[in-house]
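What you see below is based on every heavy atom in this structure, not just the backbone, and it leaves out hydrogens, waters and symmetry mates. We number each residue from 1, following the sequence as shown. In listed order, ligands and their atoms are each counted from 1.
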Amino acid sequence: MKIKTKDQLRKIHESCQLLAAMFRDIQQEIGEGANLLDLDHWAQEYILRHKAKPAFKGYRDYPATLCTSLNHEVIHGIPRSRKLKKGDLLSVDCGIDLNGYISDMAMTFPIGNITPEEEKLLRVTQESLWAGIRAVKPGGRIKDISSAISRVIEPNGYGIVHDFCGHGVGFSVHEPPEVPNYVRLGPNPRLPVGLVIAIEPMVNMGTAEVTVLDDGWTVVTRDGKKSAHFEHTVAVVEEGYWVLTELVS
Ligand code: MF3
Ligand code: CO
């Protein structure tokens with residue numbers, strides 16, 4: 001577990017703020033008829049224009065700036081030529097490298113009208129992310145976050161993805177510790193001041209079962225039901241938590 005100094009936290013915060021601004025602005029581009037490839041290009045240009053680099057591109061040979069995961073795709077969808085349609089659920093995940101400091105954030109967007117059930121899925125997933133965030137405090141433990149997240153999701157009967165977790169972040173895209181979205185046996189480290197983690201519940205309308213497509217990346221639900229994903233980069237600070245990817249206006 002790598003601890004960050006106050007000065008390093010400030011630099012990671014700058015990277016996170018650029019990422020949050022990117023998410024604010026990309027919403028104008030996301031809508032019916034938008035092509036996933038164009039969104040990826042838009043995001044890459046945005047990041048380069050702000051003197052930063054896409055953090056995912058080239059990471060373990062990932063080929064793009066964004067992960068764009070549609071409907072039953074859970075995470076790590078590789079942008080392809082596909083136009084958004086009414087009723088789609090689009091998860092966008094992105095990381096930025098600003099002067100060597102890495103941020104990570106994701107949101108799921110409804111395209112046009114979605115069903116009340118799908119709206120609820122988005123609401124509950126986002127709520128579980130914030131419950132996890134509020135559980136962050138120095139001296140607390142990883143399991144506090146996991147249990148806060150799962151307690152929001154489970155009463156709704158959704159599937160919590162177990163095969164992928166949140167993670168440490170800041171100096172690279174994935175650092176220890178793992179931050180599971182469910183309570184599991186095994187290591188349960190304390191949260192030291194200066195730890196930076198990405199908290200990222202992935203929630204399926206159906207079962208928790210997922211599989212990876214032949215492209216080696218795209219994670220999809222086995223039952224074909226829809227999925228949602230929200231993610232923030234969060235620092236452990238004396239006062240509790242600092243949501244680095246929450247835009248400071
Ligand atoms: N937020 C994603 C994750 O934690 C980042 C994926 S990075 C990729 O899994 F480059 F591998 F896509
Ligand atoms: Co992540």
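- At least one heavy atom of H174 sits less than 4.0 Å from an atom of ligand 1.
- Heavy-atom minimum distance, T218 versus I78: OG1-N, 4.0 Å.
- Taking every non-hydrogen atom of W217 and a distance limit under 4.0 Å, the qualifying atoms of ligand 1 come out as 8 (C), 11 (F), 12 (F).
- Salt bridge E32/K85: absent, no basic N to carboxylate O contact under 4.0 Å.
- Using a non-hydrogen distance threshold of 4.0 Å, R60 does not register as a contact of ligand 1.
- Close contacts of ligand 1 with E231, meaning ligand atoms under 4.0 Å from a residue heavy atom, involve 1 (N).
- A perpendicular orientation is assigned to the rings of Y62 and F56, their planes being inclined by more than 60° (bins at 30° and 60°).
- Using a non-hydrogen distance threshold of 4.0 Å, K57 does not register as a contact of ligand 1.
- A donor-acceptor contact closer than 3.5 angstrom links the side chains of E200 and H167.
- Heavy atoms of Y62 found under 4.0 angstrom from ligand 1 belong exclusively to the side chain.
- Looking only at N/O/S atoms, H167 comes nearest to the Co ion (ligand 2) through NE2.
- Between K4 and E175 a salt bridge is recorded (basic side-chain N to carboxylate O distance below 4.0 Å).
- Between Y182 and H162, the ring planes lie parallel to each other; the angle is under 30°, not in the 30° to 60° tilted range.
- Across I78, V179, D93, I102, heavy-atom proximity to atom 1 (N) of ligand 1 is greatest for D93.
- Residue C67 approaches ligand 1 through these ligand atoms, each under 4.0 Å from one of its heavy atoms: 12 (F).
- Among the heteroatoms counted here (N, O or S) of E231, OE2 is the one nearest to the Co ion (ligand 2).
- Residue contacts with ligand 1: F164 is excluded, as none of its non-hydrogen atoms falls under 4.0 Å.
- Scanning all protein heavy atoms for the shortest distance to atom 5 (C) of ligand 1 gives F56 CZ, 3.3 Å.
- Ligand-side atoms of ligand 1 in range of H76: 2 (C), 3 (C), 6 (C), 9 (O), range being under 4.0 angstrom from any heavy atom.
- Rounding to the nearest 10°, we obtain 160° for the angle at the Co ion (ligand 2) between D104 OD2 and E200 OE2.
- Defined by atom type and a distance below 3.5 Å, a donor-acceptor pair is present between the side-chain atoms of N204 and S227.
- Taking CG of L89 as the start and OG of S69 as the end, the distance is 11.5 Å to the nearest 0.5 Å.
- Between E117 and K225 there is no salt bridge, since none of the side-chain N atoms of the basic residue sits less than 4.0 Å from a carboxylate O of the acidic one.
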